[in-house]
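First up is the structure itself, then whatever we jot down about it.
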Amino acid sequence: MRRKPKGMFDDDYREDEGTEIVGRYEQLRKSRSPIFFDVDEFGSIIDFYLRNNQLKSANEATELAADLHPDSVEIQLKRTQLLIGNARYVEALELLSDLKKKHPGYFEIHLQFGIINIATGKLTAARKCLNRSLACTVSQDEKIDIWLTFAREYMAQAHRDEAFYCFEKAMQIDDSAEDYHDFAEFCLSNEKYEEAIEILKMMLDKEPFHVNGWLNLAGACIYVRRDREAMEAVEYALAIKPEDAFALYLAGLCHFNSENNEKALEYCYRSIEIDPESVNTLRLICDILWQSKDPLAAKPWLLKYTALAPMDAEAFFMLGTVCKANSRERYRYFRKAIELDESNVHYLTSMAHEYITAGNYKKALTFAREALRADDQSERAWIVSSVCEFYLNSPLEAWRCILRAIRHSETNPMSLWLHLSFYCFSMGRLRAGWRYYYKAVAFQSASFFPPVLSDYFEIGPFSKFIQYKKNN
């Protein structure tokens, strides 16, 4: 199982300079007290919510700010920014057109016109908006922001050449390593990994001791399966900062993807010593041990991980799997996994299988039907349903379920034809049973079939009966 890096390029809820003012704003709203902030303060609040992808809160703050400061161009531009973010371009254009009439010299107005034109594929019009934005300001910092904004928008819409042209123009004004890094992170967040790698390499040529640059380069290389380059980037980062927990985690991930689990564990254990609550490292340790010859070794690590990451359904399912079959512990963790991911067919059918092995076919059928509601084309769900129907209702109902399973089969149809054969013999329909049996044999070169039904049935008598008939 190949893993991608976690803990990088995510839109996490970040603490920054706006946290204090946002805290005051939210406290006032919660207590329903009168709210008044100046334009700059509202701008910080709205930007904070936008950065943390809290669009509903950003909309509420913007509407409140517009009511309190109806003549503020800055607040109106925040409104258009939100409209653009929600792809409501017609409304945004109407508002921008009104603002342009009143304030033709605001570069942000032309910049937002340009963003809409890029999003709608009007690249010629976008270039005109870019030029108008640049003409409206003499500030070098603002010009850099304009070029970088257009570079990001072009990149987001997969216009690579235009994006790099704008980025290079910005770098001609101020060749800042942080601007390289910020643009690379933007590319990474938009899954433009090759472009990010190119930009990061340019940055690291200028700033070779930038640890985060090496780590982001490693992460991008992992995404595009360039494992050797990823490991080299991690080694550079560790050479600069040997005790960096995240760098050690990435080193472990590189070795894990290269199937060197022993080395991967070595790096992960070093990382977890430095940062004992790193959920990324804990999860990677669980995955490594899960693939080992002794998956029970993963249990204590899964317990630590799920305590810190209580919403990871897969981890709870893994935890249940390493517990004793039909134990209360296994049932509890499987139920938790299903609670977190109600439509996961694998979890539902696994729970059904547990109840089948415990002889509780009625409960098993409940989970099998839930699995079919989630995906009525699941071969596994139909097979489990057939077993429950066989014991609860009749071989005929089981036979019908297997026919549905055959219709959706993507694996080995031999076992399904054998199920049909078994059900037909159970109903006394010997001719049909033989017919399905020989269809199964057609998929298997061996002279006699393997005990594929042994998970659910006592196959011994059936095997002896078939063997006797074949010899006579």
Side-chain angles (χ1 to χ4, degrees), residues 4-12 14-17 47 50-52 107-108 111 114-115 118 126-127 130 133-134 137 139-241 244 246-247 249-251 253-254:
K4 293 180 180 178
K6 295 185 179 182
M8 305 176 70
F9 338 129
D10 298 330
D11 295 326
D12 295 328
R14 298 177 296 174
E15 295 287 337
D16 61 19
E17 66 278 1
D47 286 342
L50 287 173
R51 280 194 298 273
N52 293 291
F107 79 85
E108 294 98 332
L111 185 146
I115 292 171
I118 292 170
R127 292 188 196 98
L130 169 60
S133 296
L134 293 168
T137 181
S139 166
Q140 295 293 78
D141 288 341
E142 289 179 350
K143 287 181 185 292
I144 291 171
D145 288 341
I146 292 168
W147 283 116
L148 289 175
T149 298
F150 272 83
R152 286 191 288 269
E153 295 302 321
Y154 278 127
M155 187 64 75
Q157 299 299 325
H159 299 296
R160 184 182 185 280
D161 293 342
E162 290 84 352
F164 270 91
Y165 171 78
C166 292
F167 180 70
E168 287 168 2
K169 283 290 188 181
M171 294 303 96
Q172 287 174 10
I173 300 172
D174 183 9
D175 197 5
S176 164
E178 286 309 314
D179 285 333
Y180 276 98
H181 191 251
D182 290 346
F183 189 50
E185 287 198 325
F186 175 81
C187 293
L188 291 167
S189 67
N190 283 273
E191 300 182 359
K192 309 292 184 184
Y193 302 117
E194 295 290 355
E195 290 81 358
I197 289 170
E198 185 175 343
I199 294 163
L200 286 165
K201 285 182 175 179
M202 292 164 60
M203 184 202 80
L204 290 165
D205 284 341
K206 301 175 181 296
E207 187 64 55
F209 294 99
H210 198 294
V211 175
N212 287 338
W214 286 113
L215 294 177
N216 278 339
L217 178 59
C221 288
I222 290 171
Y223 270 94
V224 295
R225 295 176 175 269
R226 289 156 65 170
D227 295 327
R228 182 177 296 178
E229 291 181 58
M231 193 64 231
E232 288 176 358
V234 172
E235 287 171 351
Y236 274 107
L238 288 172
I240 301 166
K241 196 174 180 182
D244 188 290
F246 193 70
Y249 156 72
L250 281 182
L253 181 57
C254 288

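Numbers here simply count residues along the sequence, with the first being 1. It should be emphasised that the depicted structure is a prediction, and the values quoted were computed from it without experimental measurement.
For the residue pair Phe209 and Ile240, the shortest heavy atom distance occurs at CA-CD1, 3.7 Å. Minimum interatomic distance between Ala126 and Gly114 (heavy atoms only, all atoms of both residues): CB-O, 3.9 Å. Residue Lys143 comes nearest to Leu134 through the heavy atom pair NZ-O, 3.0 Å, listed as atom of the first residue, atom of the second, then distance. Closest approach of Val234 and Ala247 over heavy atoms only: CG1-O, 3.4 Å. Closest of all the heavy-atom pairs between Lys192 and Ala158 is NZ-CB, 3.8 Å. For the pair Ile115 and Thr149, the tightest heavy-atom approach, listed with the atom from each and the gap, is CD1-CG2, 4.1 Å.
Annotation: side chain of Glu162 is in contact with side chain of Arg127 (closest heavy-atom distance under 4.5 Å). Here the side chains of Leu111 and Phe150 are in contact, with some heavy-atom distance below 4.5 Å. Considering only heavy atoms from C-beta on, Phe164 comes within 4.5 Å of Glu198 through its side chain. Annotation: side chain of His181 is in contact with side chain of Leu200 (closest heavy-atom distance under 4.5 Å). Considering only heavy atoms from C-beta on, Arg226 comes within 4.5 Å of Glu194 through its side chain. Counting only heavy atoms from C-beta outward, the side chains of Leu250 and Leu253 approach each other to under 4.5 Å. Considering only heavy atoms from C-beta on, Phe167 comes within 4.5 Å of Leu148 through its side chain.
Side-chain contact, Gln140 with Asp174: no donor N or O sits under 3.5 Å from an acceptor N or O.
To the nearest 0.5 angstrom, Phe183 atom CZ is 11.0 Å from Leu188 atom CG. If you take CD on Glu142 and OG on Ser133, they are separated by 10.5 Å, rounding to the nearest 0.5 Å.
For Lys201, the side-chain hydrogen bond (donor to acceptor under 3.5 Å, both in side chains) partners two or more places apart in sequence, or in a different chain, are Glu229.
The aromatic rings of Tyr165 and Trp147 sit perpendicular to each other, their planes meeting at more than 60°, with 30° as the lower class boundary.
Under a cut-off of 6.0 angstrom, the local environment of OH in Tyr236 is sparse, with at most 12 non-hydrogen atoms contributed by other residues, nucleotides or ligands.
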